[in-house]
Amino acid sequence: MSARERILGRLRAAPAGSPAVLPDLGAWRAMHPPPADAAAAIALFRKNIEAARAEVHDTTAQDWPLLLAKLAAGKGVRTLLFGPNTRHGAQLAAHLNAAGPAAPRLVPYNRPVDKWRDELFDDIDASLTGARGAIADTGSLILWPDASEPRLMSLVPHIHFVLLDAALIHANLLAAITAEHWATGMPTNALVISGPSKTADIQQTLAYGAHGPREVVVLLCNTNGDKP
Amino acid sequence: MSQPIQIHPAKGFKERSLAALNDPAQRKNFRGAMDFLQMKRRAQFPDPKDLSSLRDLGEAIRRYSLARLPDLLEQLERNLTANGIQVHWAETPDQANAIALGIARRVDARLIAKGKSMVSEEVGFNHAMEAAGIETLETDMGEYIVQLAGEAPSHIIMPAIHKTKQQIAALFAEKIPGVAYSEDVDTLIQIGRRVLRRKFAAADIGLSGVNFAVAETGTLFLVENEGNGRMCTTVPRVHIAITGIEKVVAKLEHVPPLNSLLPRSATGQPVTTYLNLISSPRKAGELDGPEEVHLILVDNGRTQAYGDLQLRATLQCIRCGACMNHCPVYARIGGPRLRHHLSGPDRRHHLAPPARSRRHLPAVLRLDAVPRLRRRLSGAHPDHRSADPLAQ
Ligand code: SF4
């Protein structure tokens, strides 16, 4: 008999105990009513993610590359990682290439990490990714990395810029999972990110940029129903 | 199957407790840290009605998972396998280590970067790997500090609470080449970040624990603040997750309520910085992520607890650590002197002290889940909303 069979055998031989009663999530949903309207959801998201020390900047579907260039310059960003095969990646490239030498150097994430791990870890100051959505009650960004925007983009660079459509803010994690039918197909890696990386492991003193980004900067579009 | 449940005596417990009590600097660290964590947890649950309905729901979810445990484990295995994640079963710590070692040998691993994993402590993972000539490196900042000092973690959430920043500054200056003494916490963390980044890039295997394993989707759910867990599960070519068989939940929608209790009880945060949901290795065309993902499901006495209806409830524990933060014994004698890998809910200090033996109780005990203990201990558990009764 294998370890598997013996473990399952012992579990199946155990006394039955109380019957399995499916937990009722209705009460939980009732305890967590969604924000009154879109503006309230945006305000709550902003308040919570700012409390976790992320920056949030209002912008529009047209203007965000300009804002990003300005913010990046202010933060001394020399290299900016982006996904060239995304729509916003293409928009960024078009804008920054037109902006001339003052703009940060764009680095496309277009080959397997195994081919350029040291460069990724040592030379990249910042990245831009999109967000699949966001969560108001915890101030969180939802990312589903994929081939055109890989997993390490939101982890390795020191500054992570995130483009978010305000129409995609859910009330809470359960609402996002249910509304988007996550259970019918999960990606390789789904991420929920609430601000910059942090630790309080030395004398309970909060420090940012433990292993992941020191700064998370949200570029929030469509706050007035202006679709990106 | 019906082996008697064994509880191991605490060798030298009294001597070590006395030594710990007579270390005023360490007592001050612990008292301060426990007060801080209690205060932060209290602030997260301002409304007792909310707390108790959330706890009831959390308990209902865990009870449901346990009532269907063998079925859910099989469903989890089926879905993980279909997603490309390899599932292994271990009855004992030795089996768990042998499985990991088999993988490590096959990929010729020299360095294993570890995210926080209490089950890896439980099975003596580092020791087993090092005996086979494979280096293991703790990458959680607190765990890294403790490993660098050659000590054992003193708290599940804050492994290095027994150390002051002066001690850490001296440790870094002594042990890390080219580092000057600095007591500035940001500087110290940046030093750790720099050192550990090199290691993530060099590691052959990343090891992690699992907070919840979702049967219906075949998903490993991990929470953390630092990002080292994401590094360990994303950068090396192979990711091995190790966890107890009780960590499974039926549905993805069962995770949010549990994950609302977990960080609020643990550190008094509404949410951790990262929720990391892993459902498959790197797929064709993807540019990063491990090529192999393994899950080692560990029994190590959990089926024994499952066989006893009173003890089964101990498997409901979500390892938030709040009971430890409120434990009057732990606040007084906790720390590396106790020489336990895990304390608090991991039963090793007050109920079944240190066990490095092969068969022992599972590593969990939810105090208020056992009616007899509930009567005896009411007032000492955080869920009874009275902080350390001896503190005030
Ligand atoms: S027993 Fe302790 S660690 Fe486990 S759920 Fe209860 S308070 Fe949290």
Side-chain angles (χ1 to χ4, degrees), chain A residues 2-4 6-8 10-15 17-23 25 27-28 31 109 111-113 117-118 121 138 140 146-147 150-152 155 172-174 177-178 182-183 186-205 207 209-212, chain B residues 1 33 36 50 53 57 60-61 64 67-70 89-91 95 141-142 158 160 164-165 168 185-186 188-189 193 196-197 201 216-217 219 225-228 230-231 234 245 252-254 256-257 270-271 273-280 283 285-289 299 303 306-307 309 312:
Chain A
S2 65
R4 175 186 188 278
R6 279 191 297 269
I7 291 171
L8 288 171
R10 281 196 292 272
L11 293 176
R12 294 209 188 280
S18 42
V21 182
L22 194 65
L25 295 175
W28 159 268
M31 263 167 61
Y109 198 150
R111 60 217 142 117
V113 64
R117 189 180 278 110
D118 287 345
F121 272 76
T138 50
S140 314
D146 59 17
R151 295 161 71 169
L152 291 174
L155 183 63
N172 54 55
L173 178 59
L174 181 59
I177 287 175
T178 316
W182 287 22
M186 288 294 282
T188 301
N189 184 212
L191 295 165
V192 179
I193 300 177
S194 307
S197 150
K198 60 179 181 278
T199 183
D201 273 355
I202 300 181
Q203 280 195 200
Q204 298 111 55
T205 307
H211 294 286
Chain B
M1 175 174 29
F36 173 77
D50 277 4
S53 55
L57 177 58
I61 291 170
Y64 178 74
R68 298 190 51 214
L69 186 57
W89 303 70
E91 290 184 274
Q95 281 177 17
M141 284 294 174
M158 302 188 140
T164 61
K165 62 184 174 191
I168 294 165
V185 171
D186 277 316
L188 291 170
I189 293 297
R193 173 187 174 101
L196 290 167
R197 283 201 153 208
E216 72 170 341
T217 54
T219 299
N225 284 315
E226 293 188 0
N228 63 309
R230 286 187 61 200
M231 288 282 187
T234 316
I245 52 170
L252 199 57
E253 65 181 23
H254 290 170
V271 68
T273 301
Y274 299 114
L275 312 182
N276 183 9
L277 289 76
I278 297 166
S279 303
S280 110
K283 293 191 187 101
E286 290 177 350
L287 303 179
D288 56 23
D299 177 351
T303 50
Y306 192 80
L309 286 181
R312 183 177 300 178

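In what follows, every chain begins at residue 1, and chains take the letters A, B, ... in the order their sequences are listed. Keep in mind that what you see is a predicted model, and the values were worked out from it rather than measured.
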Tell me if a side-chain donor or acceptor on [X] pairs with a main-chain N or O of [Y] at a distance below 3.5 Å.
| X | Y | value |
| --- | --- | --- |
| D201(A) | M158(B) | no |
| S279(B) | T188(A) | no |
| D288(B) | R151(A) | yes |
| R193(B) | G209(A) | yes |

Identify which of [options] forms the greatest number of heavy-atom pairs closer than 4.5 Å to chain A.
| options | answer |
| --- | --- |
| E286(B), R197(B), K283(B), E216(B) | R197(B) |
| D50(B), T219(B), T164(B) | T164(B) |
| A160(B), S280(B), G285(B), A60(B) | S280(B) |

Grab the two heavy atoms, one from [X] and one from [Y], that are nearest each other, plus how far apart they are.
| X | Y | answer |
| --- | --- | --- |
| A207(A) | D186(B) | CB-OD1, 3.5 Å |
| A67(B) | P19(A) | CB-C, 4.5 Å |
| Q204(A) | A33(B) | NE2-CB, 3.4 Å |
| P196(A) | T273(B) | O-CG2, 3.4 Å |
| T138(A) | P270(B) | CG2-O, 4.3 Å |
| G307(B) | A14(A) | CA-CB, 3.9 Å |

Could you check which of N172(A), T205(A), V192(A) has the highest count of heavy-atom pairs closer than 4.5 Å to chain B?
V192(A)
Most chain B-contacting option - heavy-atom pairs closer than 4.5 Å, from L155(A), I202(A), L173(A), L8(A):
L155(A)
Compare all side-chain heavy atoms of [X] with those of [Y] and state whether any distance is below 4.5 angstrom.
| X | Y | value |
| --- | --- | --- |
| N276(B) | L191(A) | yes |
| L252(B) | M186(A) | yes |
| L25(A) | E253(B) | yes |
| Y274(B) | I193(A) | yes |

Measure distances from [X] to the heavy atoms of chain B and classify the residue's part below 4.5 Å as side chain, backbone, both or neither.
| X | result |
| --- | --- |
| A27(A) | neither |
| R4(A) | both |
| I177(A) | side chain |

For [X], is it the side chain, the backbone, both, or neither that has a heavy atom closer than 4.5 Å to a heavy atom of chain A?
| X | value |
| --- | --- |
| Q95(B) | side chain |
| F36(B) | side chain |
| L196(B) | side chain |

Hey, mind stepping through R111(A) and L287(B) against side-chain contact (heavy atoms from CB on, under 4.5 Å) and telling me if it holds?
CA-CA 6 Å; R111(A) 60 217 142 117; L287(B) 303 179; 5.8 Å; no
Taking it one step at a time, do R10(A) and D299(B) satisfy salt bridge (charged side-chain N to carboxylate O under 4.0 Å, His left out)?
CA-CA 10 Å; R10(A) 281 196 292 272; D299(B) 177 351; 2.8 Å; yes
Measuring from [X]:[atom1] to [Y]:[atom2], what's the distance to the nearest 0.5 Å?
| X | Y | atom1 | atom2 | result |
| --- | --- | --- | --- | --- |
| N189(A) | L277(B) | CG | CG | 7.5 Å |
| Q203(A) | I168(B) | CD | CD1 | 7.0 Å |
| M141(B) | S197(A) | CE | OG | 7.5 Å |

With T199(A) as partner, the option from N228(B), I189(B), V185(B) fulfilling side-chain contact (heavy atoms from CB on, under 4.5 Å) is I189(B)
